[in-house]
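A short write-up of the structure that comes next.
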Amino acid sequence: MNLAEGVQIVSLSVLAVMMIGAALGVVLSPSIVYSAFMLGGVFISMAGLYLLLNGDFVAAAQVLIYVGAVNVLILFAIMLVNKRQNFVPFPNSWVRKALTGVVSLGLFGLLSTMVLATPWAYSTTPASTQGSIVLIGEHFFTDFLLPFELASILLLMAMVGAIILARREYLPDLTPSELPQTVLTLPERPRELVSSSSETRE
């Protein structure tokens, strides 16, 4: 094992442990704000994995878009919309827990099967001479143009919905016809009548 391969294995192990720990913190943390911060740690770990796979543009986009935009948007939505309410237990909550466990075990089995069935051998094909940015740009504007535009519309709808939820407390309950109508008047100084005969000269 050469030095470069050893550094890659150590980096992969550290990033994997960091990602698993942050993901567990997201789902197990009692505070939703801490969960959002842990989600940022998951995104950063994924960016490190992309760097190990020579995906420089994807790693930069992961940090800029997910950590710098989506995670910050989640934090602002939590801080603006979150309201303190008394906990009310849902009826038949065990059904939801059972369904969540079944789905989680199914996903875990699916991922385990994929990991065991995939041949993890080194590729002997030569690397492409084009950079990753050029290839991603070509795919964005040819093969994946429609999903790219649909994702942008979905993010726009989520942003508008977050703004509406954050501003709903300031919306008036009365209709415009029921609001009191006030006439705007400017205060004027009363005029003083001064006769010309009463003026004296000194």
Side-chain angles (χ1 to χ4, degrees), residues 1-82 87 93 96-125 127-128 130-137 139-140 144 147-148 150-152 154-156 158-159 161-162 166:
M1 180 187 300
N2 55 12
L3 181 61
E5 188 176 355
V7 171
Q8 289 181 358
I9 292 176
V10 171
S11 301
L12 178 62
S13 303
V14 172
L15 289 173
V17 171
M18 179 179 173
M19 180 182 295
I20 294 174
L24 290 175
V26 170
V27 297
L28 297 178
S29 177
S31 176
I32 192 170
V33 179
Y34 291 157
S35 297
F37 279 113
M38 291 293 180
L39 185 62
V42 174
F43 291 152
I44 293 175
S45 303
M46 292 178 63
L49 293 179
Y50 290 147
L51 283 178
L52 290 179
L53 295 174
N54 295 326
D56 49 357
F57 176 75
V58 182
Q62 178 79 17
V63 174
L64 291 176
I65 296 176
Y66 283 94
V67 180
V70 176
N71 201 34
V72 174
L73 182 61
I74 291 173
L75 285 173
F76 273 107
I78 290 171
M79 290 187 289
L80 290 175
V81 181
N82 189 23
F87 176 74
S93 60
R96 299 185 179 185
K97 294 180 181 179
L99 289 177
T100 303
V102 170
V103 172
S104 301
L105 288 176
L107 289 176
F108 181 76
L110 212 62
L111 291 175
S112 301
T113 305
M114 184 196 68
V115 169
L116 295 176
T118 302
W120 300 101
Y122 290 104
S123 177
T124 57
T125 57
S128 177
Q130 290 183 338
S132 60
I133 300 177
V134 177
L135 292 175
I136 291 173
H139 285 296
F140 265 164
F144 302 102
F148 181 68
L150 290 178
S152 63
L154 181 62
L155 290 175
L156 179 61
M159 183 178 65

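Note that the structure is predicted; figures quoted are calculated from it, not measured.
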Nearest-0.5 Å distance, CZ of residue F43 to CE of residue M38: 14.0 Å
Smallest separation among heavy atoms of D56 and L51, with atom names: CA-CD2, 4.2 Å
Closest non-hydrogen atom pair, G25 against S35: O-OG, 4.0 Å
Rounded distance (nearest 0.5 Å) linking atom CG of L15 with atom CE of M19: 7.0 Å
Smallest separation among heavy atoms of A22 and V42, with atom names: CB-CG2, 3.5 Å
Closest heavy-atom pair and its distance - Y50, Q62: CE1-OE1, 3.7 Å
Distance in Å, L64 CG paired with F57 CZ, rounded so as to fall on 0.5 Å steps: 9.0 Å
Considering all heavy atoms, the nearest A47-A59 contact: O-CB, 3.4 Å
Heavy-atom closest pair, residues G41 and M18: O-CE, 4.1 Å
Separation between OG1 of T100 and CG of L105, rounded to the nearest 0.5 Å: 11.0 Å
Approximate separation, where rounding is to 0.5 Å, of L116 CG and L111 CG: 11.0 Å
Inter-residue atom distance I9.CD1 - L52.CG, 0.5 Å rounding: 11.0 Å
